[in-house]
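Here the structure is laid out as structure tokens; the discussion comes afterwards.
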Amino acid sequence: KQEVTQIPAALSVPEGENLVLNCSFTDSAIYNLQWFRQDPGKGLTSLLLIQSSQREQTSGRLNASLDKSSGRSTLYIAASQPGDSATYLCAVSTDKLIFGTGTRLQVFP
Amino acid sequence: NAGVTQTPKFRVLKTGQSMTLLCAQDMNHEYMYWYRQDPGMGLRLIHYSVGEGTTAKGEVPDGYNVSRLKKQNFLLGLESAAPSQTSVYFCASSYGAGQVYGYTFGSGTRLTVV
């Protein structure tokens with residue numbers, strides 16, 4: 001059974017710091033891995049999608065890496081801003097999309 | 001270009017009542033999913049569909065039924081609501097499980113069962 005774990009569960013940092021959010025999964029037989037952002041009371045916004053054959057994807061200040069063999073992904077956020085405050089979820093895709101429990105990020109001015 | 005639309009956005013039910021949540025997508029996606037999100041437990045898959053006329057069980061299917069009579073719609077039914085079904089429900093769709101475009105989510109339905 002695929003299990004997805006995210007560490008840390010919560011993170012509070014001052015503005016400007018570079019951040020690393022971690023995601024691990026137990027079964028390496030995945031099609032892809034996706035990072036989402038969720039603001040309080042809102043839906044999910046897709047940030048980055050990494051195919052199983054890829055090692056990383058970048059979008060603006062965000063960079064996600066994937067090491068499928070070790071069952072790990074990291075989301076790197078450069079020069080964090082208060083507007084980055086949200087919950088970040090990773091999810092792995094097999095015939096279903098299985099989510100981790102998320103990292104709640106707070107960036108204070 | 002609406003994407004994934006969920007109705008209703010909010011609902012309060014009494015224990016034992018029934019209701020149907022509607023998910024509609026206008027992107028011609030084959031796969032559709034229903035998730036529930038509870039505090040501290042992340043999103044859990046209830047049911048999913050890999051095409052019109054198909055449905056399959058996810059992680060937590062008990063107490064729910066689904067139907068996919070039309071490709072663009074995926075209905076989630078609660079026949080006899082229970083307080084344990086108080087949650088936020090999200091619908092999602094995708095071209096396919098292994099495809100490059102990822103998943104598109106609706107904005108959620110907040111359901112309270114009293």
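Proteins get letters first, then strands, A, B, ... in listed order; numbering begins at 1 in each.
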For residues [X] and [Y]: do they belong to one hydrophobic cluster (side chain heavy atoms under 4.5 Å, members Ile, Leu, Val, Met, Phe, Trp, Tyr)?
X       : Y       : result
B:Val60 : B:Tyr35 : no
B:Tyr33 : B:Val50 : yes
A:Trp35 : A:Val4  : yes
A:Leu66 : A:Leu62 : yes

Is the shortest side-chain heavy-atom distance between B:Tyr103 and A:Ser93 below 4.5 Å? yes

Check whether any side-chain heavy atom of B:Leu43 sits under 4.5 Å from a side-chain heavy atom of A:Leu89, and report yes or no.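 Yes, at least one pair of side-chain atoms sits under 4.5 Å.
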
List for me each residue that meets salt bridge (charged side-chain N to carboxylate O under 4.0 Å, His left out) alongside B:Lys57, sequence neighbours excluded, and say none if there are none.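 Not a single residue meets the salt bridge (charged side-chain N to carboxylate O under 4.0 Å, His left out) criterion with B:Lys57.
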
Rounded distance [0.5 Å steps], [atom1] in [X] versus [atom2] in [Y]:
X        : Y       : atom1 : atom2 : value
A:Thr101 : B:Asp38 : OG1   : CG    : 12.5 Å
A:Lys1   : B:Glu59 : NZ    : CD    : 6.0 Å
A:Ile98  : B:Leu45 : CD1   : CG    : 6.0 Å

Taking atom CZ of A:Arg61 as the centre, does the number of heavy atoms from other residues, nucleotides or ligands within less than 6.0 Å exceed 12?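 Atom CZ in A:Arg61 is packed in, count exceeds 12.
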
Check the pair B:Phe105, A:Phe99 against ring-ring contact (aromatic ring centres under 6.0 Å, His included), reporting the backbone distance first and the verdict last. CA-CA 13 Å; B:Phe105 278 81; A:Phe99 282 85; 5.8 Å; yes

Given heavy-atom pairs under 4.5 angstrom as the criterion, report whether the side chain, backbone, both or neither of B:Arg44 touches chain A.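 No part of it gets close to chain A.
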
Work out which heavy atom in B:Phe90 is nearest to a heavy atom in A:Gln38; give both atom names and the distance.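 Smallest heavy-atom distance, with atoms named: CZ-NE2, 3.4 Å.
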
